[in-house]
Structures are given as C-alpha cells and as structure tokens.
Protein chains: 2
Amino acid sequence: MGVTKSEIYTEEQNTLANQLKAIAHPARIAILQELIKANACICGDLVLELGLAQATISQHLKELKKVGLIQGTIEGVSVCYCIEPKAWAALQNELNKLFASYKVSNTCC
Amino acid sequence: MGVTKSEIYTEEQNTLANQLKAIAHPARIAILQELIKANACICGDLVLELGLAQATISQHLKELKKVGLIQGTIEGVSVCYCIEPKAWAALQNELNKLFASYKVSNTCC
DNA sequence: TATATCTATCGCAATATTACGATTAATATT
DNA sequence: AATATTAATCGTAATATTGCGATAGATATA
C-alpha cells in the first residue's frame with residue numbers, strides 16, 4: 001500500500017495529475033515564473049535567484065523536464081532552460097476544460 | 001532536510017503550490033470531476049464511483065477541504081460535498097495569471 | 001594540457017503521501 | 001433501546017518527495 005493506483009483512472013486524469021504535481025511546488029512555480037519573466041532562458045541564474053542549493057535546483061528542473069513543461073539546451077558550459085510552448089499550452093487547455101466544466105448553481109449543499 | 005523551505009517563497013507561490021498539490025492526484029481530480037458532473041453534491045457515492053476504500057476517499061476529501069476547494073454539509077447520516085465556488089474561481093484566476101504571463105517568443109533556446 | 005566553470009547525478013536523512021483495515025462517532029430506522 | 005448506515009479518524013506499512021553535500025562529467029579558458 002501507499003502507491004497511487006493509476007490503473008483505476010483515465011489516461012487524462014493521470015497525465016493531468018502528473019503535470020500538476022510537477023507545478024505543485026513553490027520552488028518549481030518560482031522557476032517557471034523566472035523562466036517566463038526572463039523570456040530568454042536562464043539556468044544557473046536560478047540558483048542565485050532562489051535560495052536553494054545547485055543540486056536541488058537541478059532536481060527541480062529535472063522534474064519539470066520529465067513532464068515536458070520545460071526544455072533545456074546546452075550552451076557551452078551552461079544549460080539554457082525555457083518553457084516548452086506546446087506542453088505549456090496543452091496543460092493550460094486541459095485546466096481550462098476542467099474549470100469551464102463547472103457552473104455555479106444553487107442546487108448544491 | 002526533506003522539508004519544503006516555505007520561508008523563501010512568496011505567500012502567493014506557497015498558496016498556489018498548496019492548492020495545486022491538492023488537485024495533483026488522479027483520485028482528487030476524479031472526485032472534483034464527479035462533484036462537478038453531479039452538480040448536486042454526492043458523498044459516499046464517490047466510494048462506489050472510484051475504486052478506493054472509504055477511508056481513502058475520506059482522506060482525499062479532507063485534503064480538498066483543507067485548501068478550501070470543496071465544502072461538505074451534513075445531511076442526516078451522510079455528508080454532501082460540492083465545489084466551493086469562491087476558492088474554485090480564485091484558483092482559476094491565479095492559474096490564468098500564470099499562464100497568461102507567458103508569451104511565446106523565438107528569443108529562446 | 002591543466003584548470004576553471006557549470007550542471008547532472010549519487011547517496012543519504014528527514015519528512016510527506018498514499019492506501020487500507022479497524023475503530024469510533026453520529027444520525028436513522030426498527 | 002437496539003441496530004443499521006454513513007463518514008471521520010487512528011494506526012500502520014509502503015513508497016515518494018525534498019534538500020543537500022560530494023562527486024562526476026563536460027565544455028571553456030589559460
């Protein structure tokens with residue numbers, strides 16, 4: 001026990017949950033905001049911006065990359081990260097669907 | 001170590017992360033979808049709908065209630081749950097801000 | 001080639017999450 | 001009053017997450 005029973009959910013539910021899990025951490029939200037703000041992509045600058053160790057930042061970047069929300073390009077010695085537009089738009093769309101499906105009503109508790 | 005360093009982030013980042021963490025599980029996504037679909041609020045029906053034990057569903061409901069995204073009303077022996085409209089709208093708004101802040105550009109990697 | 005710079009990965013410790021059976025509490029029904 | 005129904009909570013086991021120091025790998029610079 002203690003493992004999420006992915007089998008009982010739909011593909012969509014699992015994917016959305018995984019992407020949300022990737023965003024659901026203040027450090028990773030901060031990273032995404034920083035990537036968006038800088039437009040051009042930063043990398044080790046994130047270590048300076050946030051107050052976390054280099055190993056920790058690297059790990060958070062890996063999480064975001066794992067679900068496809070960001071991409072990294074090697075530029076000489078350093079690595080440049082930025083938002084992956086397609087995955088970003090897809091997640092936005094999926095969330096829109098979820099939120100749009102709810103209509104406020106008074107037949108509730 | 002092993003604890004999220006909430007002190008180094010903004011209130012907004014922490015709150016958003018907490019709300020997203022609440023949604024970032026397929027069971028809780030399924031619960032929200034079910035609550036939305038049924039409009040009127042269900043409760044123990046969720047145990048039947050999803051394939052999880054009663055204790056587990058109850059725990060997931062608690063998580064969602066903790067961040068204010070749902071509310072429960074006692075109706076005799078059972079409890080009726082539904083979306084909490086204000087918190088739901090607030091989260092939608094916060095996410096919209098995040099997604100809207102990103103503009104696709106070609107000055108990226 | 002030697003050295004510096006930058007990032008990824010490993011290994012570990014602390015803590016959090018997920019799931020469930022068993023129990024408790026609270027309201028209905030008989 | 002006794003019993004059934006429903007949901008919350010407790011306790012526990014398995015697993016996942018978070019954070020960091022240390023190390024390794026890869027590219028640049030002297």
Side-chain angles (χ1 to χ4, degrees), chain A residues 1-9 13-14 17-32 34-35 41-67 70-82 109, chain B residues 1-9 13-14 17-32 34-35 41-67 70-82 109:
Chain A
M1 297 97 202
V3 204
T4 301
K5 299 166 95 178
S6 308
E7 332 84 60
I8 69 173
Y9 310 105
Q13 288 169 335
N14 282 318
N18 277 330
Q19 304 232 69
L20 287 176
K21 192 153 62 172
I23 311 191
H25 191 287
R28 295 195 288 269
I29 290 176
I31 287 175
L32 290 171
E34 195 58 34
L35 289 183
C41 333
I42 340 173
C43 63
D45 296 346
L46 291 166
V47 178
L48 299 175
E49 285 292 332
L50 319 187
L52 293 172
Q54 182 267 318
T56 309
I57 295 287
S58 197
Q59 209 170 316
H60 282 306
L61 288 168
K62 193 179 173 186
E63 293 287 311
L64 290 168
K65 210 159 49 171
K66 199 179 71 186
V67 298
I70 66 171
Q71 65 187 136
T73 311
I74 300 173
E75 280 189 359
V77 133
S78 55
V79 178
C80 176
Y81 282 99
C82 62
C109 46
Chain B
M1 298 97 204
V3 204
T4 300
K5 298 167 96 178
S6 309
E7 332 85 58
I8 69 172
Y9 309 106
Q13 288 169 335
N14 282 318
N18 277 331
Q19 304 232 70
L20 286 177
K21 192 152 64 172
I23 311 190
H25 191 287
R28 295 195 289 267
I29 290 176
I31 287 174
L32 290 171
E34 196 58 33
L35 289 183
C41 332
I42 341 172
C43 65
D45 295 348
L46 291 166
V47 179
L48 300 174
E49 285 291 332
L50 319 187
L52 292 173
Q54 183 267 319
T56 308
I57 295 287
S58 198
Q59 210 171 315
H60 282 306
L61 287 169
K62 194 181 174 185
E63 294 287 310
L64 289 169
K65 210 160 49 171
K66 199 179 71 187
V67 298
I70 66 170
Q71 64 186 135
T73 311
I74 299 174
E75 280 190 358
V77 132
S78 54
V79 178
C80 177
Y81 281 99
C82 62
C109 47

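Chain letters run A, B, ... following the sequence lines, proteins first and then strands; every chain starts at 1. All of these numbers come straight from a predicted model, not from anything done at the bench.
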Practice prompt. Would you indicate what A:V79 reaches in the nucleic acid, counting non-hydrogen atoms under 4.0 angstrom: base, sugar-phosphate, or nothing?
Written response: sugar-phosphate
Item to complete: For B:I8 and D:dT18, give me the distance from atom CD1 to atom P, rounded to whole Å.
Response: 13 Å
Fill in: Residues from residues 50-59 of chain B lying under 4.0 Å of DNA chain C - heavy atoms
B:L52, B:A53, B:A55, B:T56, B:Q59
Worksheet item: Choosing from C:dT15, D:dA8, D:dG19, which nucleotide comes nearest the side chain of B:V3?
Response: C:dT15
Practice prompt. Whole angstrom is fine here: how far is it from CD in B:E63 over to P in D:dA8?
Written response: 13 Å
Response to the item:
Side-chain atoms of B:V77 come closest, of C:dT18, D:dG19, D:dT6, to D:dT6
Worksheet item: Expressed in angstrom and rounded to an integer, what is the separation of B:L20 atom CG from C:dA16 atom C1'?
Response: 17 Å
Item to complete: Quick one: closest heavy-atom pair of A:E63 and A:A22, and the distance?
Response: O-CB, 4.3 Å
Practice prompt. Find the distance between NE2 (A:H25) and CG (B:N14) and round it off to the nearest 0.5 Å.
Written response: 9.0 Å
Worksheet item: Hey, what do you get for CG (B:L35) to CG (B:L61), rounding to the nearest 0.5 Å?
Response: 7.5 Å
Fill in: Any side-chain heavy-atom pair of B:H60 and B:L64 under 4.5 Å
no
Practice prompt. In whole angstrom, give the distance that lies between atom CD1 of B:I74 and atom C1' of C:dA25.
Written response: 11 Å
Worksheet entry | C:dT30: pairing nucleotide in any strand, Watson-Crick or G-U under 3.5 angstrom | D:dA1
Discussion item. Quick check on C:dC6: is either OP1 or OP2 less than 4.0 Å from any side-chain nitrogen or oxygen of A:Y81?
Written reply: no
Discussion item. Between C1' on C:dC6 and CD on A:E75, what's the gap in Å once rounded to a whole number?
Written reply: 13 Å
Item to complete: Kindly say if B:K5 contacts the phosphate of D:dC20, meaning a side-chain N or O under 4.0 Å from OP1 or OP2.
Response: yes
Worksheet item: Any side-chain heavy atom of A:I70 within less than 4.5 Å of one from A:K65?
Response: yes
Practice prompt. Would you mind reading off the distance between A:H60 atom NE2 and D:dC20 atom P, rounded to a whole angstrom?
Written response: 8 Å
Item to complete: Could you tell me whether the side chain of A:L52 reaches within less than 4.5 Å of the side chain of A:L46, counting heavy atoms only?
Response: no
Worksheet entry | side-chain N/O B:K21 vs C:dT17 OP1/OP2, d < 4.0 Å | yes
Fill in: Length of the NE2-C1' vector between B:H25 and D:dT15, whole Å
12 Å
Worksheet, complete the sentence: Rounded to whole Å, CD1 of B:I70 lies from C1' of D:dA8 at a distance of 13 Å
Worksheet item: With sequence neighbours left out, which residue pairs that include part of residues 46-59 of chain B fulfil the salt bridge (charged side-chain N to carboxylate O under 4.0 Å, His left out) condition?
Response: none
